[in-house]
Amino acid sequence: MTKWWMVRAGDNNELIPVWLRQQIVSIGWPDLENPKQVATKEQLLLQADSVYLEEKPQTRSSWVSQVWRFSREIEIGDRIISYSKEKREYIIGSVTEAHFYDDSNDNPYPNTLKVRWEANTIARDTLSQAAKNSLGSVLTVFRVDQWGSEIEKLLHSPASINDRDNIEDNDETVIIGDLKSKARLMIEDRVDKLDPWRMQDLVGGLLQSMKYNVKISPKGPDGGVDILAYKDAFGFEQPIIKVQVKHRKSTAGSPEVQQLLGANPLKANCIFVSTGGFTSQAITVAKQNAVKLIDLEELVQLIIEWYELMPNDTRALLPLQKMYVPE
């Protein structure tokens, strides 16, 4: 089966004219030298560890993986696709000669393959939205086999894209919803990895963002209350909220809800946070006694809504980055 590869055209998309003129495709990382001189990927990673000391281990590993697949996994006959930002189109070619290392004239992109580039190109707007999303990865080298048939079809018959693909292109609501869903799941994963004490601090910071004064119980027996939240500085004014936080895989049961209800102060409102969810009996008891139950999904939704108002030390427990999408 023919493999399809997306290769980025340099840091500033400046390599397209050179590639077309010389009938090549090339990537950088000259500090790793010729990757064909090492026998294993592990040896190349050790070399990266020595020359890229200031980079994160994950970054070094990613760079090595891309150099390795470019030099060892791309074969003669494989298809190459790259994007020209200036023209908003994709160029497509076929590999005609395996990897060689061209370090002449201090070439910043010495890892090279010979490629026969097609005369025709593909306008980005003609691709399905799913293909656009996949080809938008920030990696320099990655497989895109699943879009090979669509790309070939457009290359030889640009007007052949069907109605279903046009619908996909314009259905931004579906795409944005998918992005939001994936982001929430990633945040849930991060929250789930916090230890119980950091989870208490996270919930406390959430309440602080809502303008509550917060007192978090120290490690040790807490009498069923992990956090007290109140509006005034001394805790005299209502509402006073007592919070129990259970951060575990198992569900919280009705006895734990009852314990929270019976803990001091008795007249306080109750919030029970359980990342493992609640038993049906616990839900029944909570409804009967006006206890607010918050599971992992609702906790993450509240974090998203109030994140920018959280104290800096709380946000440090869960670093998030804002992303803008079209309305």
Legend entry - Partners passing salt bridge (Lys or Arg N to Asp or Glu O under 4.0 Å) against D192 (at least two apart in sequence or in another chain): K249
Inset, instruction - Spell out, as yes or no, whether a donor-acceptor pair under 3.5 Å connects the side chain of S82 to the backbone of V7. - result: yes
Legend entry - E305 atom CD: more than 12 heavy-atom contacts under 6.0 Å: yes
Inset, instruction - State, yes or no, whether a side-chain contact exists between T2 and S94 at a heavy-atom distance under 4.5 Å. - result: no
Legend entry - pair T284-Q281: side-chain heavy atoms closer than 4.5 Å: no
Inset, instruction - Any chance you could measure D78, atom CG, to L113, atom CG, to the nearest 0.5 Å? - result: 9.0 Å
Inset, instruction - State whether the side chain of T275 and the backbone N or O of R248 hold a donor-acceptor pair below 3.5 Å, judged by distance alone. - result: yes
Inset, instruction - State, without any angle test, whether S62 and Q66 hold a side-chain donor-acceptor pair at a distance under 3.5 Å. - result: yes
Legend entry - Pairing residues for E308 by the salt bridge (Lys or Arg N to Asp or Glu O under 4.0 Å) criterion, not counting sequence neighbours: K322
Legend entry - Same apolar cluster (I L V M F W Y, side chains within < 4.5 Å links), W306/V273: yes
Legend entry - All pairs passing salt bridge (charged side-chain N to carboxylate O under 4.0 Å, His left out) where residues 28-53 contributes a residue, at least two apart: D49-R60
Inset, instruction - Could you grab the distance from atom CG of L207 to atom CE of M310, nearest 0.5 Å is fine? - result: 9.0 Å
Inset, instruction - Kindly say whether F272 contributes a backbone atom to a donor-acceptor pair with the side chain of Q244 at under 3.5 angstrom? - result: no
Inset, instruction - Check the hydrophobic clustering (I, L, V, M, F, W, Y; side-chain heavy atoms under 4.5 Å; chains of links allowed) and say if Y212 and Y307 are grouped together. - result: yes
Inset, instruction - Would you tell me whether S134 and W147 have side-chain atoms, one donor and one acceptor, within less than 3.5 Å of each other? - result: yes
Inset, instruction - Kindly say whether W4 contributes a backbone atom to a donor-acceptor pair with the side chain of D145 at under 3.5 angstrom? - result: yes
Inset, instruction - Please check if the side chain of S61 supplies one atom and the backbone of P57 the other of a donor-acceptor pair under 3.5 Å. - result: no
Legend entry - Between CZ on residue R8 and CD1 on residue I16, distance to nearest 0.5 Å: 10.0 Å
Inset, instruction - Apply ring-ring contact (aromatic ring centres under 6.0 Å, His included) to Y52 and list each qualifying residue two or more places apart in sequence or on a separate chain. - result: W63
Legend entry - Heavy-atom side-chain proximity of V95 to E75 below 4.5 angstrom: no
Legend entry - Flag side-chain contact, heavy atom, 4.5 Å: R69 against R72: no
Legend entry - Pairs touching residues 264-275 that satisfy salt bridge (charged side-chain N to carboxylate O under 4.0 Å, His left out), sequence neighbours left out: none
Inset, instruction - Mark yes or no for whether Q23, through its side chain, and L20, through its backbone, hold a donor-acceptor pair below 3.5 Å. - result: yes
Legend entry - Atom of I24, atom of W117 and distance for their closest heavy-atom approach: O-NE1, 3.0 Å
Legend entry - F142: partners by ring-ring contact (aromatic ring centres under 6.0 Å, His included), with sequence neighbours left out: none
Distance-only criterion, 3.5 Å: show the donor-acceptor pairs between side-chain atoms of residues 312-319 and protein atoms not counting sequence neighbours.
{"residue": "N312", "atom": "OD1", "partner": "R315", "partner atom": "NH2", "Å": "2.7"}

Inset, instruction - Give a yes or no answer on whether the side chain of S26 reaches the backbone of T112 with a donor-acceptor pair at less than 3.5 Å. - result: no
Legend entry - N264 vs V225 side-chain heavy atoms within contact, under 4.5 Å: no
Inset, instruction - Just grab all the ring-ring contact (aromatic ring centres under 6.0 Å, His included) pairs involving residues 241-266, residues at least two apart or on different chains. - result: none
Inset, instruction - Would you list the pairs meeting salt bridge (charged side-chain N to carboxylate O under 4.0 Å, His left out) in which at least one residue belongs to residues 194-203, sequence neighbours left out? - result: D195-R198
Legend entry - 4.5 Å side-chain heavy-atom contact, P35 and H99: yes
Legend entry - Neighbour count >12 (heavy atoms, 6.0 Å) for atom NZ, K87: no
Legend entry - Check: W68 and L45 side chains under 4.5 Å, non-hydrogen atoms: no
Legend entry - Gap between atom NZ of K231 and atom CG of N213 - 0.5 Å precision: 9.0 Å
Inset, instruction - Please name all residues satisfying ring-ring contact (aromatic ring centres under 6.0 Å, His included) with Y83, sequence neighbours left out, ordered by chain then number. - result: Y90
Legend entry - Approximate separation, where rounding is to 0.5 Å, of W5 CH2 and R143 CZ: 5.0 Å
Legend entry - Side chain proximity check, K246 to F278, heavy atoms < 4.5 angstrom: no
Inset, instruction - Taking N34 for its side chain and Y101 for its backbone only, find out whether a donor-acceptor pair lies under 3.5 Å. - result: no
Inset, instruction - Please list all pairs passing the salt bridge (charged side-chain N to carboxylate O under 4.0 Å, His left out) test where one or both residues lie in residues 98-119, with sequence neighbours left out. - result: R79-E118
Inset, instruction - Hey, could you give me the CD1/CD1 distance between I80 and I91, rounded to the nearest 0.5 Å? - result: 10.0 Å
Inset, instruction - Could you tell me whether the side chain of E256 and the main chain of G253 form a donor-acceptor pair under 3.5 Å? - result: yes
Inset, instruction - Just jot down the salt bridge (Lys or Arg N to Asp or Glu O under 4.0 Å) partners of K292, sequence neighbours excluded, or say none. - result: E298
Inset, instruction - Could you tell me whether M210 atom CE has more than 12 heavy atoms of other residues or ligands within 6.0 Å of it? - result: yes
